[in-house]
Amino acid sequence: MKRYMIEREIAGVGRLNREQLRGVAAQSNRALEQLSGKAQWLHSYLVDNKTFCIYLADTEASVREHARLSGFPANKVTEVHTVIHPTTEML
């Protein structure tokens, strides 16, 4: 599985309340179930009018199919080649 970052433009997404976020997560999870393990949602960062979602998927096409099934846009899909963090220095 490859790691992807998906940029989604969704007006007002950063101001959704807890109940709305539960609904968004449920909608995404239903779409993932239809993909039969071809994609996995790890987490998302929400800002004012965008989300930056991190997924594992077999292909970019699976990420885009999730967008189609869920109804959430995938304005930009980028494959992540390497992840580093503060402890990378110690490796």
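The model shown is predicted, which means the values in this text are computed figures rather than measured ones.
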Value rounded to 0.5 Å, distance of CD in Gln20 from CZ in Arg15: 10.5 Å
Salt bridge between Arg30 and Glu33, side-chain N to carboxylate O under 4.0 Å? no
OH of Tyr4 to SG of Cys53, rounded to nearest 0.5 Å, is 15.0 Å
Lys38 side, atom NZ; His66 side, atom NE2 - distance, nearest 0.5 Å: 14.0 Å
Count I, L, V, M, F, W, Y as connected when their side-chain heavy atoms are under 4.5 Å apart, and connections chain through other members. Are Ile6 and Tyr45 then in the same cluster? no
Validation row: Arg64, Val77 side chains within 4.5 angstrom (heavy atoms): yes
Sole candidate of Val63, Leu32, Leu56, Ile54 that passes side chain to side chain contact (heavy atoms under 4.5 Å, CB included) when paired with Trp41: Leu32
About how many Å separate OH of Tyr55 and OG of Ser28, when rounded to the nearest 0.5 Å? 3.5 Å
Taken to the nearest 0.5 Å, the spacing of Met5 CE from Ser44 OG works out to 11.5 Å
Does this structure show an ion pair linking Arg3 with Glu79, if we count only N-O contacts that are shorter than 4.0 Å? no
Decide side chain to side chain contact (heavy atoms under 4.5 Å, CB included) for Asn49 and Ile10; before the verdict, give the C-alpha distance in whole Å, the side-chain angles of both, and the deciding distance to 0.1 Å. CA-CA 5 Å; Asn49 296 309; Ile10 304 171; over 6 Å; no
Please tell me if the side chains of Leu69 and Leu35 come closer than 4.5 Å, counting only heavy atoms from C-beta onward. yes
Quick one: CD on Gln34 to CG on Asn29, what's the gap to the nearest 0.5 Å? 11.5 Å
May I ask whether Ile84 and Val80 are part of the same hydrophobic cluster, defined by side-chain heavy atoms of I, L, V, M, F, W, Y residues being less than 4.5 angstrom apart, directly or through others? no
Check Arg8, Glu7, Glu9 against Thr51 for a side chain to side chain contact (heavy atoms under 4.5 Å, CB included) and give me the one that passes. Arg8
Does the pair Phe52 and Val47 meet the rule for a side chain to side chain contact (heavy atoms under 4.5 Å, CB included), with working shown? CA-CA 8 Å; Phe52 297 90; Val47 298; 3.9 Å; yes
